[in-house]
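Convention: sequence-line order gives letters A, B, ...; per-chain numbering from 1. Side-chain atoms are counted along with the backbone in the values below, which use heavy atoms only and exclude waters and symmetry mates.
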Amino acid sequence: MRVRRPASQVVTPKSDPTGSIAISISQKLGVASIPVIASLAVAFGLFDMVDGVVFQSALIQIVINVFVILTVSLIVVRISAKSFLTTGSSNLLLLGLAVFEFGFSSTVGGFITGLNVDEGIEMYVLGALVSAFLHLSSGILTYKGSPVRRTRLKLRLGFSYVSTTIFVLLIGFFVLNSSFLSSIGQFGSIVQRSVIATIVVTLLASSFFFSRVYSRTRSPVLYWYSLAVATVSFAYFAFFTTQENGDLATWTGIFGLCLSSVYFLKSVLSAPKAISTGPGIGATR
Amino acid sequence: MASSDLKTREVSVDRVATGVEGFDSAIEGGFPRGDLILIAGHPGSGKTLLSSQFLYNGASNHREPGVYVSFAENREAFLRNMRRTRMDFEKCERDGLFKFLDFVTVKDKAIDEILSTVISELDSLGAKRLVIDSFSAMAQAFSRKIEARIVLHTVLGRMTRLNGVTTMLIAEKPLGSKALGGEIEEFVADAVVVLTHALARGYLVRNLDVVKMRGTRTSRTRLHYDIGDGGLVVYPPLTPYPLEKIYSEKVSTGVDGLDKMLSGGIYKGSTVLVMGESGTGKTTSALQFLARGAMNNEKVLFTSYEESPDELLRHGSSFGWKLSELVEARKAKFMSFFPDPSNIQRIFSEVRQEISEFRPARLVVDSLTSLERMMDPDEFFQVIRRLVTLGKSRGITCLATARTSEGALPSDFWVSSLADVILSLRQVESQSALRRALVIFKARGSPLDSSIKEFEISPVGIAVEEKFTDLEQILSGAPRKTARVEGWSEAFTARPQTKAGSHK
């Protein structure tokens, strides 16, 4: 007879002998990184503690965007897409789209930065804004309970991702060819600060919703996911404080994005590799 | 002692062919001349027919006169029955090659007279073959067993040996009896052949056992026979072929993706076992294997035990394989049988003959399950072993299909160990649809891709796709979603707790 472990047991972190939920050291370190990023952003951006240190490298940004942010986002997209096909849950589709949108627009933004820094930043910010709202939608649905689609899942998935790809490319096109949104790329402009502030708040809000679900389920997947979203939020807070492209606040933000990628990856890896503890194939006969 | 001294010397023995198809080859060409042979058998097992064929073959093919001593049926009945099996004994009589001695009504006091009549007729005809039908009836004329033994030893035994008359004694073996005859003749006779029949799955199966044959190497396995229009036909034992060649050349399975998984295909002369549930694509894969071979200018033979040739041709044409043209061009041949325990040996005989005449490079057996159902396990094992060695000895690449139950493993099909390549096709239920999975369990002498791949039966045949990433435990027969996807999904789809539920 096959022995199946209840699903709730699968996503529950290890319990100590007293029955209380144990949080691993890596999880504690993860939480500690948030105030570090916030402090560095405040110190470098708002208080100009190390003034005049500026390093600009479009190449490094492209490498980070392609090999870190885009790669990790595609990993998250893959598992989210499969999860959506399996469950039909809309929050999973939105979550995947949010991460894809963020990774893809960052990559496009990285290439545009090589041509024009302001336009590249404009691309980053607009991409992050859309991604933040998608994340918020996903967070709310996750918290409240997501509607479940039963039909044409592959079609919905394909349509959504193709639409997002086209949307990001259109933003890139407008950024390069229109001055309508150019103020978003200008450092210190009110428009830019407002948009980035919106991103920060929206991402924090979505992180909050994910963390609320975590407090209910104690799923390490959600723990790392909400932490990753929060880290992106604080990375953008660092960009919010940036005075000049390439200053230490900018690099704090880039570091925050890299760290968030690690947390996204941790979230995926926290999903158990094997659930069944039942007997082997031969024993099931 | 030198090893050469241990070798057995071949002794040349003059043999008398019975003319029974398949039987002479099983007894080194025939009975040693002058032997006394006991043919024991159940009623209706063909004793009279076998002995008549023995006489008729001698008369018509070797011009050896023969005498038939009957205690069972009169001459008219005998000749009438023999005409039905196309044996013209009347002509043999006219030619002076046959004599029928009718002793249907025999008395105790007449036995000496009968024996002298028989001896006299043998001498006058110069007979070389003698049949006594039946010795059981003749023995009833003896008041004591010792008299029958004396007659057997002295009169029949010595007379036949001295004159080189090969004699068949027919003994009646009642149904259910373990004794062969009168408990004497089997010890005196040089050879004992037992004909029996039994019911297997509602069909009458005829068996022939050569229990004893002095100076002859005989088959140690039970032989099967049938009674047809031409008399008895004995089917040779399913012994394995000698393995002489090893082929290192690889041939395509017909499915490119599968060839890739098998590092370029399968070795020529190997045997592939395709296992799977009903509807998984076993026959399609077999047809694809066949079509590829024929398109590569190889001769191919498809033996089906479930579908007719027309059905198979239609099946193939639905994938665009012009099998009819290949059949017309004599590159492909389709044979169809519906086996039952009584005809299975005849089927093997026909297939064997077709293989020797058509000389295919590829052979398909679809499916072994239909054969297995109709055979004893030991016989089935021998069939598979013969199939495997046939391929290896003659360079014929064989593909056999076997229907298995859901989630079955190679060990569930107990003869699978004989196959060189084992391929399993599965149906996988996922998202209210059936998907198909393919896995190679075994490929002797060849590196293989052991991943479980999804495949599709496309309009052009079987196409292997990527490996399954979203399902696991497919082989268990109870596939489930990949754990990581499941764990991820569950984390984000946990339903909000209600107030009623939260305080529990």
ask   = Within a reach of under 6.0 Å around CZ of F167(A), are more than 12 heavy atoms found that belong to other residues, nucleotides or ligands?
value = no
query = Counting only heavy atoms not in F67(A), do more than 12 sit closer than 6.0 Å to its CZ atom?
reply = no
ask   = Is there side-chain contact between T217(A) and F492(B), with heavy atoms separated by less than 4.5 Å?
value = no
query = Between F210(A) and chain B, which part of the residue has a heavy atom less than 4.5 Å away: side chain, backbone, both or neither?
reply = side chain
inquiry  = Under 4.5 Å from any heavy atom of chain B, what part of I79(A) do you find: side chain, backbone, both or neither?
reply    = both
note = Closest non-hydrogen contact found for A491(B) with L222(A) is O-CD1, 3.0 Å
query = With sequence neighbours left out, what residues match I166(A) under side chain to side chain contact (heavy atoms under 4.5 Å, CB included)?
reply = V162(A), L170(A)
message = Can you give me the closest heavy-atom contact between A271(A) and G487(B), atom names plus distance?
response = CB-C, 4.2 Å
query = What residues form a side chain to side chain donor-acceptor pair (under 3.5 Å) with R385(B), not counting sequence neighbours?
reply = none
query = Of all heavy-atom pairs between L92(A) and S489(B), which one has the smallest distance, and what is that distance?
reply = CD1-CA, 4.2 Å
ask   = Would you find more than 12 non-hydrogen atoms of other residues, nucleotides or ligands less than 6.0 Å from R212(A) atom CZ?
value = no
remark   = Whatever's closer than 4.5 Å to a heavy atom in chain B on L95(A) counts as side chain
Over 12 non-hydrogen atoms of neighbours within 6.0 angstrom of CZ in R201(B) = yes
query = Is it the backbone or the side chain of S138(A) that comes under 4.5 Å from a heavy atom of chain B, or both, or neither?
reply = neither
